[in-house]
Structure formats: structure tokens, C-alpha cells
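All of these numbers come straight from a predicted model, not from anything done at the bench.
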Amino acid sequence: MSDRAPTDEPQRVAQRYARRVQGDRYSMLSPDVWHTVQERQRAMLRLFARLDWHDLSERRVLEVGCGSGGNLLELLRVGFVPRNLAGIELLPERFAQAMQTLPAGVVLMQGDASLVKLPDESEDIVLQSTVFSSLLDAPFQWRLAQTMWRWVRPGGGVLWYDFTVDNPANPDVRGVPVARIRELFPDGRVQYQRVTLAPPIARRVCALHPSLYPVFNALPLLRTHVLAWIEKPSS
């Protein structure tokens with residue numbers, strides 16, 4: 001697949017987000033949310049250990065779709081430093097929240113990430129978290145993936161967290177299966193693990209008792225997301 005002419009997909013994404021009613025569904029005070037976040041954090045830290053990345057302070061990270069800055073804050077807590085972190089956010093209100101939340105040393109950019117001009121092979125990690133499932137235009141997905149891939153240095157990779165199955169209650173999102181990840185990054189070495197108990201199930205079982213989350217999450221078929229590392233070969 002080759003690059004296509006720009007589309008109005010970014011505007012459509014903004015319209016879809018405007019329709020969403022967030023409420024407190026993603027509050028860290030909710031047991032299902034902190035179970036999900038902590039599970040993903042553990043998987044991410046195990047990945048860094050397998051890569052033998054013990055000094056994270058020298059690793060450069062760029063997040064595409066950084067939202068209000070929550071993921072970048074997580075990275076700061078585990079050893080990354082502000083001067084090596086950057087984020088791009090499409091939505092102005094979320095960008096403003098990230099500016100208020102994150103330290104001044106973190107570089108933040110607002111706009112369409114596929115149009116941002118950054119040096120090739122400048123990042124150890126390009127992170128995306130539930131961005132591609134919100135992109136319903138396949139050519140735009142491809143263009144953004146190729147832009148992200150250019151930014152990754154050899155030996156680094158794209159760190160991917162997203163769900164793989166469709167949500168029948170939300171037509172504004174679409175699951176991204178592992179086969180599609182491989183299509184988007186044909187030159188990458190993809191390793192992944194299934195994580196995250198299906199959120200509707202997680203909310204129900206945690207309402208009964210938070211200890212039920214790991215019990216149900218032990219069943220692989222109930223995990224709806226993948227944490228993937230898409231490595232750019234060094235040679």
C-alpha cells in the first residue's frame with residue numbers, strides 16, 4: 001500500500017470524540033480502571049527488562065495522541081525524564097490539559113501527527129495507546145503508521161496498546177487485529193501479548209469485588225487488547 005492524499009479523517013476523529021460521554025468511566029478511583037492500568041504497566045516494564053533497557057533516562061519517547069498526558073506521566077514515574085519525552089495531540093482541549101499536567105521539559109505539539117515534521121530515526125519509542133482504533137479511514141491509518149515508523153531509530157520500536165475487537169455499542173471505534181498491525185508495519189518485528197479484561201466485564205466483576213478482575217482476566221479469550229512491541233531492525 002502506498003501513501004494516499006490527505007483526508008479529513010482528523011476532523012472526523014474530533015467529531016467522534018465530541019460525541020463521547022466520558023463521565024468518570026476512566027477515573028483511577030474505579031477498581032476496574034486501576035487494575036487495567038497496573039496490568040498494562042507491568043507488561044510494559046517486563047518488555048523494557050527483556051530489551052535490557054535498565055537506564056530509561058536516556059531513552060527518547062514520542063507519544064502520538066498523548067491526550068491529557070496520563071501515559072507520559074506514567075513514563076516519568078518509571079524512570080524516563082522530561083527532556084526526552086514528547087507528545088502530539090490532535091484535540092485542543094486535551095492538549096491544553098497536557099500542558100497543565102506535564103513538566104515544562106516535555107515537548108508538546110498540537111495537531112495532526114501525520115503532518116508533524118520531526119527528524120527521521122530520532123526516537124527509541126513511538127507510543128500509541130488506543131489511537132488507531134479511533135481511525136476508521138484505512139489510508140489515513142497507513143499514512144500515520146508510516147510517519148511513526150520513520151521516527152523510530154533502528155533498534156527502537158513502536159509501542160502499541162489498543163483493542164483488537166469491535167465494540168458493538170460504539171460505532172466510532174474499530175478493533176485493530178494483530179494481522180492489521182503487521183500490515184501497517186511490514187518491516188517491523190512484532191511481538192505482543194494479550195492484556196486487559198474486556199471493560200464491560202471488568203466493570204461488572206469489579207463492582208462485585210476488585211479481586212475478581214485477575215480471576216476473569218486469567219481467561220485469554222476475555223482479554224480484548226494487545227500490548228505490542230514493533231521493533232525496527234538494527235541492520
Side-chain angles (χ1 to χ4, degrees), residues 9-30 33-34 36-41 43-45 48 56-119 122-135 140-141 143-145 147-152 156-163 170 172-173 176 196 199 225 227-228:
E9 180 68 1
Q11 289 92 337
R12 290 196 292 263
V13 169
Q15 292 167 1
R16 292 174 201 135
Y17 269 92
R19 291 196 292 265
R20 295 184 183 181
V21 179
Q22 301 288 351
D24 60 355
R25 174 169 289 185
Y26 300 105
S27 168
M28 282 294 288
L29 297 177
S30 300
V33 175
W34 51 254
T36 296
V37 170
Q38 291 174 1
E39 178 195 3
R40 177 171 48 80
Q41 288 175 341
M44 181 180 66
L45 291 172
F48 296 153
L56 299 176
S57 66
E58 296 304 315
R59 299 290 174 177
R60 292 180 55 85
V61 183
L62 169 66
E63 183 178 12
V64 171
C66 67
S68 58
N71 291 328
L72 293 174
L73 276 177
E74 288 182 26
L75 295 178
L76 287 170
R77 293 188 184 106
V78 301
F80 294 87
V81 296
R83 70 175 184 275
N84 288 330
L85 295 183
I88 307 171
E89 174 53 36
L90 174 66
L91 304 178
E93 61 276 14
R94 293 191 169 203
F95 172 77
Q97 291 172 346
M99 289 288 290
Q100 294 179 343
T101 300
L102 292 164
V106 178
V107 175
L108 294 173
M109 296 159 275
Q110 195 267 314
D112 176 356
S114 72
L115 301 179
V116 172
K117 304 299 182 184
L118 293 173
S122 58
E123 307 297 326
D124 295 290
I125 299 172
V126 177
L127 168 65
Q128 85 84 21
S129 177
T130 63
V131 169
F132 276 72
S133 53
S134 295
L135 303 177
F140 186 84
Q141 278 190 341
R143 190 169 82 242
L144 179 57
T147 300
M148 293 165 59
W149 193 244
R150 286 199 304 272
W151 294 333
V152 176
V158 171
L159 183 57
W160 174 290
Y161 174 75
D162 220 326
F163 53 88
N170 186 355
D172 288 339
V173 295
V176 186
T196 307
H225 294 54
L227 183 77

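- The heavy-atom pair separating Val81 from Ser57 by the smallest distance is CG2-O, 3.2 Å.
- Heavy-atom minimum distance, Asp162 versus Ser133: OD1-OG, 2.6 Å.
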- When you look at Phe140 and Val13, which way does the side chain to side chain contact (heavy atoms under 4.5 Å, CB included) test go after all the steps? CA-CA 11 Å; Phe140 186 84; Val13 169; 6.0 Å; no

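- Interatomic distance, CG of Leu62 versus CE of Met109, reported as 5.5 Å (0.5 Å rounding).
- In this structure the side chain of Gln97 never reaches within 4.5 angstrom of the side chain of Leu91, judged on heavy atoms.
- When all heavy atoms of Trp151 and Val116 are compared, the closest pair comes out as CZ2-O, 3.5 Å.
- With values rounded to the nearest 0.5 angstrom, Leu108 atom CG is found 9.5 Å from Leu85 atom CG.
- Using a 4.5 Å heavy-atom threshold, the side chains of Glu63 and Leu75 count as separate.
- Pairing each heavy atom of Val152 with each of Gly157, the nearest pair is CG1-N, 3.3 Å.
- At least one side-chain heavy atom of Leu102 sits under 4.5 Å from a side-chain heavy atom of Leu73.
- Taking the side chain as every heavy atom from C-beta outward, Glu9 and Leu135 approach each other to under 4.5 Å.
- Atom CD of Glu39 sits about 12.5 Å away from atom CE of Met44, to the nearest 0.5 Å.
- Note on residues 98-110: no pairs pass salt bridge (charged side-chain N to carboxylate O under 4.0 Å, His left out), not counting sequence neighbours.
- Contact record, Ser122 with Arg60: O-NE, 3.0 Å, taken as the closest heavy-atom pair.
- Side-chain contact between Leu76 and Pro82: present, with at least one pair of heavy atoms (C-beta onward) separated by less than 4.5 Å.
- Ion pairing between Arg77 and Glu74 fails under the 4.0 Å rule for side-chain N and carboxylate O.
- Looking only at side-chain heavy atoms (C-beta outward), Thr196 and Tyr161 come within less than 4.5 Å of each other.
- Considering every non-hydrogen atom in both Ser129 and Asn71, the closest pair reads CB-ND2, 3.5 Å.
- Counting heavy atoms from C-beta outward, Tyr17 and Leu90 have side chains that stay 4.5 Å or more apart.
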- Item | Working for salt bridge (charged side-chain N to carboxylate O under 4.0 Å, His left out), residues Arg150 and Glu123 | CA-CA 9 Å; Arg150 286 199 304 272; Glu123 307 297 326; over 6 Å; no

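- Distance CG/Asn84 to CZ/Arg59: 10.5 Å, rounded to 0.5 Å.
- The CZ atom of Arg143 sits 12.0 Å away from atom CD of Gln141, with the distance rounded to the nearest 0.5 Å.
- Side chain of Gln128 to main chain of Val64: no donor-acceptor pair is present (N/O by atom type, distance under 3.5 Å, no hydrogens or angles).
- One distance of note links CD1 of Ile88 with SG of Cys66; it measures 8.0 Å at 0.5 Å rounding.
- Looking at Phe80 and Asp124, their side chains never come closer than 4.5 Å, going by heavy atoms from C-beta outward.
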